[in-house]
Amino acid sequence: MFVAFILFLVVVGTLVFHFWSPYWLTPVASNWGSMDQTLILTFWVTGAVFMAVGLFMVYCVWRYRYQKDRKAEYKPEDKKLEFRLTLLTAIGVVALLAPGLIVWKDFVTVPKNAVEVEVVGYQWGWNYRLPGEDGILGKTDIKNISDNNPYGLDLNDSNSKDDIMVQDADLHLQIDKPVKLLLRSIDALHNFYVPEFRAKMDMVPGMITFYWLTPTKTGEYEILCAELCGTGHYAMLGTVLVEEERDYSNWLAQQITFENALAQNRTILQLAENKK
Amino acid sequence: MPDEFGYKIEAKVDMAASGTSVPPIDYVPVAERPEQELYHSKSWWTTYVFSQDAKYIGIQYTCVATAIALVGLTLSLLMRIQLAFPNLSLLDASVYYQFITMHGMIMVVFFLTALFLGGFGNLLIPLMCGARDMVFPYVNMLSFWVFVLAVLVLVASFFVPGGPTGAGWTLYPPQAITAGTPGNLWGIVLMLVSLVLFVVGFTMGGLNYVITVLQARTRGMTLMRLPLSIWGIFVATILALLAFPALLVGGIMLLLDAVFGTSFFMPASVSMGELLQTEGGSPILFQHLFWFFGHPEVYIVALPAFGIVSDLISVHARKNIFGYRMMVWALVIIGALSFIVWAHHMYVAGMNPWFGYFFATTTLIIAVPTAIKVYNWVLTLWRGNIHLTVPMLFTLGFIITFLNGGLTGLFLGNVVIDVPLSDTYFVVAHFHMVMGIAPVLVVFGAVYHWFPLVTGRMLDQGLGKLHFWITFVGAYMIYTPMYYQGFLGVPRRYFEMYESSYISTVGLNVFITLSALVVGLAQIIFFYNVIRSVLKGEKAEKNPWKANSLEWQTPKMPPEHGNWGEKLPVVYRWPYDFSVPGVDKEHIPQNVSPSEVAGAKVEKT
Amino acid sequence: MDHVTDKLPKGLSGLTHDLGSDQTAFKKVPWGKAMMWIFLLSDTFIFSCFLISLMTARASTTVEWPNASEVFGLNFFGVEVPLLLIAIMTFVLITSSGTMAIAVKFGYEKKRKLCAWFLLLTAIGGLTFVGMQAFEWTKLIFHEGIRPWSNPFGAAQFGSFFFMVTGFHGTHVSIGVIFLFIMARKTWRGDFDTARRGYFTSMKSNYEAIEIMGLYWHFVDLVWVFIFAFFYLW
Amino acid sequence: MAQENKQEVTTHKIGVYLWIWGLLFVFSFFSYMVDYLNFEGLLRWALILLFMFAKAALIMAIFMHLFWERWTIVNVLLWPMSFILVFIGIMVAESEYTFFTRLFYFVVGT
Ligand code: HEA
Ligand code: HEA
Ligand code: CUA
Ligand SMILES: [Cu+2]
C-alpha cells in the first residue's frame, strides 16, 4: 500500500509540479516559435506515455502485491500484445519526428533575403561584423590578426573595406528582418545562444558555422555562451538589442568601417611616431 | 570422455506455449568442450591480491569502482554547494570546472563501466553460464590491475601542478589543451593516459567476458537460456570492445596534440592573444571520434542495468519475464543502433547540417526497442505476486526514473527541440535521470540481491528500505527541477548559475542542492549497512530469493573455487520458470530436469 | 568425434544452428582463437578510426597535401624510383605472412621442427620490416626534415599521421616479432608436445597457439595493405 | 586453454599458400603500377581500392582460414564492419562540408 502510494505521488507529483510551478519557456522573440510547438507536442505525447506507464505500474504494484495464496500467472509471451505495442510506439515516434524534421528543414534553409552578420567569439567575449554597403563580408585569416586588425580581415579583399566592425559593444538587429548569423571563433569552441531566440550553434575555430532567425519582438536580450570554452565560460555574456528600423539605422550610421578603423589606427600610430 | 555428459537430455516441447522450438542440443557432440583446466592459487598473495578467480576479481573491481565513485560523489556535492551558495566561495571557477570534469569522467567510465562490466561481469558471467571460471584467468587478473593503475593515474592528476583537467568530460579540443582551461598542461595528459590505460585494461577483461559467454557455457545452456543479466553485460561488452577504439584513437591524437604540438584537432587559432603554431586541424573530428565512442558508452552503462533489472523483477515478482526473446532482441538492436546515432550529441556543434535528418531518425528509432523493454518490465509485474523486497523497490525506482529520463531523451533526439535545449540543464537532467540515477538504483538493487551470494549474509532490509526511499525520492527531486531550468535556457557548465531575467531560479537551485546533500548523506546508511552485514549480518539460507538462475545452485554458498564442485550443472530450461502451472514448487531452477517436475503443464525450454 | 562435428549443418542453417546450440557458439573454435578473432575485430576498429581520421584531415585541409610517391621515393643508383623502399617493405611483410601460413600448416601437422623453422623465418622477416621502417623514419626525419608537427612539403598533418599510423603499425609488428621468437623457442623445445606449463599463466598450451599467433601476424599484414593504399598511393 | 589435443587435422597443401602468396605479390605489383604509371582520378581510385580489397580478401580468406570457418564466426566478424562503413560515409560528407566553409570564408592558398 505504502509503496504504491508513494510511487503514485511521485508520478502524479511530476505532473503537479509542471502545472504548479511558474518555470517554463521564456516568451519566444524570434520566428522559431515552431520549435516551441514541436517541443510542446513532444511534451504532451511523452507526458501521456509517462503517466500511462507510470500509473499502470503503480496499479500493478498495488493490485498484485504479495499474497500468500496467490500464484503468479505463467505467460512467457503474448505476440499480439507485443506487436500492437510496438506498432503504437512506432506511430508515436513518427508523430514526433515528422514535425521535427519539417522544422529542421526550415532551420537549415536560409531565406534568400537574409542579411549576413558575423559573430566572432573569443575568450571571453563577443565581436560582430556587418557586411557594409556591398552586402558581402570580406574573407578572413586567423594569421592576419593583430592589434591593427583584430578580426584578421584580408586587406587584399575589396569586400572587406566597407565591413562594419562592432567591437566590444552590443549587437543590434532589426526587427522582422531575417539575419544569417555567421559564427566564427578565433580560439576555442563557443556557442552563440540567446534563450529568447531559441536557436543556437557552436562556433568552431577553423571553420564557419551558421544559423538564421528573424527577430520578432523588440527588446534587449542576453547572449550566453553555451559551449564550455575555458575558465571564463560562465562570464561570456553579451547583449543583443532588437530594434525598429529607425533606431537600427541610427545605430548603424554610428558604426565605423574597417577602412576607417585602419586609417584611424594609422593616424594614431603616426602621431605616436611624430611625437618621438 | 568424462561421464558427466552422459545424460540423455530430456526436453519437452510445448510449441504452443513458448513459440520456440527446442534448440537441437541432442545431437551436438558431447564433450565438445572438455573440462576447464583450473588455476590454483598457491600463496596468500595469489589468493587475495593477484587473484585469478573471477569472483575475487569481480569483488576487487567493485571495491575500487565504489571507492572512486565516492570521490565522484563528493565532488558533485561540493559543486552543488558552490552553485547554490556562491557566497560561501567554496570553489573558484577553475576548480569548479576541474570538478565537473572529474565528476563526469569518474562516474561514467571509472565507476559505472568498471562496476557493471568488471564487477558484475566477473562475478556473474561464469556463475550464470555454468563455467568454472573465466576462460583466461591470468589475463583477467591483469585487466584488474591495469584498471587500478588507470585509477591511480587519474587520481594523481589532482596532485600535479595545475591540477586535473577542466575541459569537461567530453575533453573537446582546442580548449582542452590551450591556456585558459585549467589543467591544460599536466591534467589533460594524465587524463588521457588514464583513459588509454583503462581501454587497455578493459579490453583484456572484455575479451574474457565475451569468450566465456560464447564458448564456455555448460551443457544445455543455449544462448536463449541465458539470464538477461548476462545478455545485458554481454552486449555491453561487445559495444565496449567496438567503441573504445574510437576513444583510444581520439585520445592518442589529442595526446600528441598536447605533447608534440601536432595539429590533428588544432586549426590555426589564437590562444590568450597569441597566435598558435598549429594549422589545418579539425576540432569537429575529435567530437565525432569522441561520440562514436561516447554514445555507445552511455548504453554500455545502460544495457547491463536493463539486463539485471529484468532478472530482479522476475525473481521478486515470482513471475517469468514477459517476452524474453523480445527482450534479448531489443538488447541486440539497441546495441547495434547505438553505433549510428552518435552525432545526436553534435546537432549544434556546427557539423554538416544535413546530418540532422539522419541522426534524428536513427535516434528516435531507438525509442522503439527501448519502449519494448519498458513495457515488458511493467507487464512482468502484471498478474505477478510482487514481493516488495529491497531489490524490488530499487527496480520500481529504476523503471520510473528511466522512463522519465528516456522520454526526455526523445526531446533531445528530435533535432529541432535539441537546438534550444542543448547544453542547458535540461540535458543535465536527462542524463542524470537516465544514467546518474536509473542504473545506480539498479546497482543498489543488485547489491542487495547478490550480497548473500558473495558474503553468505543478508543485508538489513529495514535500513535498505530507508536507504531506498531517501535515494530514490531525493534523487528524483534533484533532477526534475533541472528540466525546468533547462526550459528557461540556463546553460550547463556555468560556474555562476545563470539567472534568467524572465524568472529567477535561485529557489530551485537551493532546493536542488539541499536534495543532493540529503541523498549524498543517505549513502552513509548504505555503507553502514554493508559493513555491519558483512561482519554480523543475518546468515543467509541457500538461494534466499528462490531464484532459478545457476549462480544460486552451486553446491556451496558462497561458491567455492571452481564454482561447481565435482560436476558442472546441466541446464534444461530458461531461468524464469516461476509459478509454472501443474507444479507444486513455486520455482524450478535451471538445472532441474523435466522428469523431476513431471506435472508441468507448460515448459519453456 | 570429429565426424559428428562435421555433420553440423553448413551455411545459413549452420549459423542458426550454432547460435541456438549449447556450450559454444563458434563450433570447433578453441577459446584462444576465438579471443584472438574478437581482439582483432576490436583492433580493426582502432586502425579504421586512424585511417578515417587521416581521410578527414586530408579531405578538409586547404593546404596542399604532399605527393607521397615523391616523398617516399628512393634514389637508386641515380634514378629516382618512387616508393621503392615501401615496395620492398611490402614484399618483406607479405613474404613473412606466407612463411607464417606455412608455419601454421606445420603446426597443425605437429611437425615440431619445421614449424619452428618457419616461425623463425617469419620473425626474421618481421624484424627486417621493422628495421626498414626505422631506416625510413630516420631518412624522413634527418634528410627530408619531416616532423610530427610540420614538414616542408605541405600540410602539417601529413607528417603527424605518417608517424602516428606507421608507428602504431610498427608497434604491432614489433610485438609480433617478440612473440614469434618466443613461440619459435617454445615450439623448438617441444612445449606444445609435452604440454609444458607457461611461465606466467601456468597453463598448458598446444599447437593452437601457433594458429593464434598466425592470425595476429596475418592481421598485421592485412593492416599494411590498407596503410599502403591510403598512405602511399593516395 | 588445454583443449583436447585430438583436434582434427585441418591442413591444406602447401601449394595453396604459395599460390596466395604469389597472388598477393601480383596485386601489390599492380597497385604499385597504378602509382608508377600515374593513373589519375576515378580510375586510379577504382584500381587502388580493387587491389586493396582483393588482397585483404585473400589474406582473410586463405591465410587466416576464414574461408574454412563456419558461418557463425564469419558473420560475427564481418557485420560490425558496417558501422565502420557508416562512419566513413559520414566523415566523407563532414570533411567536404568543412572544406567548403574554409574555402568559402577564409583566405586560402597564400
Ligand atoms: C545511460 C545513459 C543514457 C541513455 C540510456 C540515454 C538514452 C537516450 N538519450 Fe541520452 N545522454 C546521455 C546518457 C544516456 N542517454 C548522456 C550522458 C548525455 C550527455 C552527454 C554530455 O553531453 O555530457 C546524453 C545526451 C543526449 C543527447 C544530446 C543532448 C545535447 O547535448 O544536446 C541526446 C540527443 O539526442 C540524447 C538522446 C537520448 C535518447 C533519444 C535516448 C533513448 O535511448 C531513450 C529511449 C527511451 C525511452 C524513449 C523511454 C521508454 C519508451 C517508452 C515508454 C515508449 C514511449 C515512446 C514514445 C511515445 C515514442 N541524449
Ligand atoms: C553515472 C553518472 C553520474 C552520476 C551518478 C552523477 C551524480 C551526480 N551528479 Fe553528475 N554528472 C555526470 C554524471 C553523473 N553524475 C556527467 C557525465 C556530468 C557532465 C560533466 C561535464 O559537463 O563535463 C555531470 C555533471 C553534473 C552537474 C552539472 C555541472 C555543470 O554543468 O555545471 C551537476 C550539477 O548539479 C551534477 C550533479 C550531480 C549530483 C548532485 C550527483 C549525485 O550526488 C546524485 C546522487 C548519486 C548517488 C546517490 C549515487 C552514489 C553512488 C555511489 C556512492 C556508489 C555506491 C556503490 C555501490 C552501490 C557499489 N553532475
Ligand atoms: Cu565561450 Cu563558453
Ligand atoms: Cu547519445
Side-chain angles (χ1 to χ4, degrees), chain C residues 1-2 8 10-12 14-15 18-19 25-32 34 37 41 44-45 48 52 55-62 69 82-83 87 90-91 94-95 97-98 100-102 105 108-109 195 201 203-206 208 211 214-215 218-219 221-222 225-226 228-229 232-234, chain D residues 1-14 16-18 20-21 24-25 28-29 31-32 34-36 44-45 48-49 51-52 55-56 59-60 62-65 69-77 80-81 83-84 87-88 91-92 94-99 102-103 106 108-109:
Chain C
M1 201 165 68
D2 292 313
L8 293 174
K10 298 237 156 41
L12 200 59
L15 176 80
D18 290 1
L19 290 180
F26 301 148
K27 299 294 170 197
K28 298 199 281 185
V29 179
W31 291 347
W37 266 120
L41 179 64
T44 308
F45 270 57
S48 305
I52 289 172
M55 179 195 78
T56 312
R58 180 156 182 189
S60 54
T61 182
T62 49
S69 58
L83 293 183
T90 309
F91 176 83
I94 291 180
T95 308
S97 212
M100 185 74 228
I102 295 170
K105 171 194 152 66
Y108 275 142
E109 293 167 3
T201 58
M203 295 286 178
K204 296 174 189 163
S205 57
N206 58 29
E208 280 155 12
E211 191 188 2
L215 285 180
H218 296 311
F219 176 76
D221 188 23
L222 184 71
V225 168
F226 288 86
F228 181 63
Y232 297 101
L233 298 182
W234 186 0
Chain D
M1 278 187 199
Q3 301 278 334
E4 201 50 29
N5 271 353
K6 278 189 212 152
Q7 217 201 18
E8 79 208 87
V9 188
T10 46
T11 175
H12 309 281
K13 289 219 176 64
I14 215 165
V16 184
Y17 300 112
L18 296 177
I20 301 305
W21 193 2
L24 286 176
F25 283 136
S28 300
F29 180 72
S31 39
Y32 184 72
V34 171
D35 185 63
Y36 197 77
R44 179 190 180 88
W45 266 107
I48 289 179
L49 289 182
F51 295 134
M52 184 179 86
K55 283 200 291 185
I59 294 178
M60 297 231 298
I62 311 295
F63 278 1
M64 299 174 95
H65 292 245
E69 298 289 352
R70 295 178 58 73
W71 261 44
T72 321
I73 198 160
V74 177
N75 277 274
V76 164
L77 293 174
M81 291 305 139
F83 304 142
I84 293 290
F87 200 6
I88 293 177
M91 289 318 285
V92 167
E94 182 72 322
S95 44
E96 274 170 9
Y97 176 71
T98 311
F99 181 69
R102 288 176 174 181
L103 214 58
F106 294 141
V108 240

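Residue numbers start from 1 in every chain, and the chains themselves are labelled A, B, ... in the order their sequence lines are given, proteins ahead of strands. These values consider heavy atoms only, across backbone and side chains, with no hydrogens, waters or symmetry-generated copies.
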Checklist outcome for this item: So, the part of T95(C) with a heavy atom under 4.5 Å from chain D: the answer is both

Checklist entry - For I52(C), is it the side chain, the backbone, both, or neither that has a heavy atom closer than 4.5 Å to a heavy atom of chain D? => result side chain

Next on the checklist: Going by salt bridge (charged side-chain N to carboxylate O under 4.0 Å, His left out), name the residues that satisfy it together with E94(D), two or more places apart in sequence or in a different chain.
Outcome noted: none

Checklist entry - Closest approach of T72(D) and G14(C), non-hydrogen atoms and distance? => result OG1-O, 4.3 Å

Item to check | Residue F219(C) versus chain D: region with a heavy atom under 4.5 Å | outcome: both

Next on the checklist: Once rounded to the nearest 0.5 Å, what's the spacing between atom NZ of K28(C) and atom CD1 of I73(D)?
Outcome noted: 12.0 Å

Checklist entry - To the nearest 0.5 Å, how far apart are CD1 in I94(C) and CH2 in W21(D)? => result 10.5 Å

Checklist entry - Relative to chain C, which segment of V92(D) carries a heavy atom at a distance below 4.5 Å: side chain, backbone, both, or neither? => result both

Checklist entry - Where does V76(D) contact chain C at under 4.5 Å (heavy atoms): side chain, backbone, both or neither? => result both

Checklist outcome for this item: Under 4.5 Å to a heavy atom of chain C? For L77(D) that would be both

Item to check | Separation between NE2 of H218(C) and NE2 of H65(D), rounded to the nearest 0.5 Å | outcome: 6.5 Å

Checklist entry - What's the shortest heavy-atom distance between S60(C) and R102(D), and which atoms? => result O-NH1, 2.8 Å

Item to check | For F99(D) against A59(C), the heavy-atom pair lying closest together | outcome: CB-O, 3.5 Å

Checklist entry - Should the pair F25(D) and F91(C) be assigned to parallel (<30°), tilted (30 to 60°) or perpendicular (>60°) ring geometry? => result parallel

Next on the checklist: Taking the side chain as everything from C-beta on, heavy atoms only, tell me whether M81(D) gets closer than 4.5 Å to L41(C).
Outcome noted: yes

Item to check | F29(D) versus chain C, the contacting section by heavy-atom distance below 4.5 Å | outcome: neither

Checklist entry - Could you go step by step and tell me if S48(C) and F87(D) meet the side-chain contact (heavy atoms from CB on, under 4.5 Å) rule? => result CA-CA 9 Å; S48(C) 305; F87(D) 200 6; over 6 Å; no

Checklist entry - Under a 4.5 Å heavy-atom cut-off, does chain C meet the side chain of Y36(D), its backbone, both or neither? => result side chain

Item to check | Any donor-acceptor pair under 3.5 Å from R70(D) side chain to L15(C) backbone | outcome: no

Item to check | Engaged part of I62(D) at the chain C interface, taking heavy atoms whose separation is under 4.5 Å | outcome: neither

Next on the checklist: If you compare all heavy atoms of S31(D) against all heavy atoms of F228(C), which two are closest, and at what distance to 0.1 Å?
Outcome noted: OG-CE2, 3.8 Å

Checklist entry - How close do A56(D) and V225(C) get, heavy atom to heavy atom, and via which atoms? => result N-CG1, 4.5 Å

Checklist entry - Could you state the interatomic distance from CG (L24(D)) to CG (D221(C)), rounded to the nearest 0.5 Å? => result 7.0 Å

Next on the checklist: Please give me the minimum heavy-atom distance between M64(D) and L215(C), naming the atom from each residue.
Outcome noted: CE-O, 3.3 Å

Item to check | Full working for side-chain contact (heavy atoms from CB on, under 4.5 Å) between L233(C) and V34(D) | outcome: CA-CA 8 Å; L233(C) 298 182; V34(D) 171; 5.9 Å; no

Checklist entry - Could you state the interatomic distance from CZ (F45(C)) to CD1 (I84(D)), rounded to the nearest 0.5 Å? => result 4.0 Å

Item to check | Side-chain heavy atoms of T62(C) within contact of F106(D), under 4.5 Å | outcome: no

